[in-house]
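As structure tokens, the structure follows; a few thoughts come after it.
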Protein chains: 2
Amino acid sequence: MDTPIEPANPRAALSALHVRLADADAIPFPTRSVERGDALYCAGEPLRSLYTVQSGCFKTVAAYPSADDDSAPHTQVTGFHLTDETLGLDGICTGRHESDAIALEPSVVRIMPVGILEPLCREYAAMQHELLAIMSAEIVRASRLALMLGTMPARERVAAFLLDFSERLEASADASGEPAAELQLPMTRGDIGSYLGLELETVSRMLSKLHREGAIGLNGRAVRIVDRALLQHN
Amino acid sequence: MDTPIEPANPRAALSALHVRLADADAIPFPTRSVERGDALYCAGEPLRSLYTVQSGCFKTVAAYPSADDDSAPHTQVTGFHLTDETLGLDGICTGRHESDAIALEPSVVRIMPVGILEPLCREYAAMQHELLAIMSAEIVRASRLALMLGTMPARERVAAFLLDFSERLEASADASGEPAAELQLPMTRGDIGSYLGLELETVSRMLSKLHREGAIGLNGRAVRIVDRALLQHN
DNA sequence: CGGGTAATTGACTCACCTCAAGCTAGGTGG
DNA sequence: CCACCTAGCTTGAGGTGAGTCAATTACCCG
């Protein structure tokens, strides 16, 4: 308790989470294009590389075998990944990918083979630090998602999702500092619902409600954030 | 697709997640004792060290400012940490702890100063690999928690919690391979509920129900797992 | 033995799920 | 160019699992 610092404002922290792997160094990693709807990798595949999104957007989908075996396994979108975010980190511990990564729009990724990555990090302290920071940020992100799913009502979840998404858009696109007000959501209501632990109908209803209340403009997947305060509070 | 391996069984994976940091090397890190109920660290504090639990048990608690500011912030137990598990990883990205770590019983931790850790990992490949594996495992754990909170009904959550806890007890205590059947839960129903995104009354009801159905023996915080299959399925 | 924290159980409520119907938009082929 | 078709979205009506409130019991520690 030596500094009178902010009590861990998660919104602020989320911006701080935004770190780039391997952009300081000039190593020419190869890239790969992925069509909309295609998988960058699938759960169970051996981990060969980590991927940094250059352009486009992905969702990661995890499955958990259902309680009664015959019924469908529990499945959930565990994250959306925009430009400059890194994919595949969850596979390091087992050497296998723990989830599917599906492109939500035509996307390009930078490929960083894991075999190269570790030696590289042993050489360059900055790079090692960056990798650790990114992984730590991913832990925080996942924990925060869990917190959201555990404690917030539907309406707050949807609002928080929109705010988070707009800030990450801003972070990846321009560096204006101002979060984006116009969002073009690349995912379906069903994807959002899965991510937020809600049914797609509930997501739709909450979006309509936020629209009626004047917090957002809404036209299909185009969302305009009108009143940030109204979204944050209440 | 070169190996016909298990399709990412999360239960199995969870055991694989169990990795020890800095136990191969003979570096004499100092230790620290923490009384039951005391905090090992608090959210917002600068990150000085990572901690490996030597004995005892901790819970980590995260706070998220509430939607309307005047009311209490959302708060949730984000994890329970037994022997050999590492605490503090979520703080690496911001340099500040993102949660409180509270001892649930008298505990001892091994202290690993972060300033030493990174250079050490640059020197020893095995240690670096271990650290990355632990962090990755933490990502998987958090994602899986989110999945659970997003998709499973109360009864399954409680059952999954008991199974997970018993396996981790086994992993940390003896190396028998057989998961523990007798659990002495160190946390309250409220803690469990917070972790699982349920009210403490619901946790209590589900435990009673599992008891009535013959899946578990139940006597306060002492739980005996009678019928694993019944817990897993249905 | 007494006081306070933790756990159990019941009755009632409500937020979200489920099921169902209709709508909209974009792409495709006749 | 339009008709169709599918996937996605919206909205309504009704059911239900978990939350809320409240009362009682069990337990631990001083």
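A note on names: the letters A, B, ... follow the listed sequences, proteins ahead of strands, and every chain is numbered from 1. For the numbers below, each heavy atom of this structure counts, side chains included, while hydrogens, waters and symmetry mates do not.
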Can you list the steps and then say if A/R224 with A/E182 is a salt bridge (Lys or Arg N to Asp or Glu O under 4.0 Å)?
CA-CA 5 Å; A/R224 152 181 290 221; A/E182 296 286 353; 2.4 Å; yes
Ignoring hydrogens and angles, state whether a donor on the side chain of B/S143 or A/D90 is under 3.5 Å from an acceptor on the partner side chain.
no
When the distance from CD of B/E105 to P of D/dC28 is rounded to whole Å, what number comes out?
15 Å
In whole angstroms, how far is the P atom of C/dA25 from the CD atom of A/Q184?
14 Å
In terms of ring plane angle, is the pair B/Y41 and B/Y51 parallel, tilted or perpendicular, where the classes change at 30° and 60°?
parallel
Residues, nucleotides or ligands: over 12 heavy atoms within 6.0 Å of B/R36 CZ
no
Base, backbone or nothing for each nucleotide of nucleotides 4-21 of chain C, written B, S, -, heavy atoms under 4.0 angstrom, 5' to 3'?
--SSBBBB----SSBB--
Pairwise distance CZ(A/F58) to CG(A/L40) - rounded to 0.5 angstrom:
5.0 Å
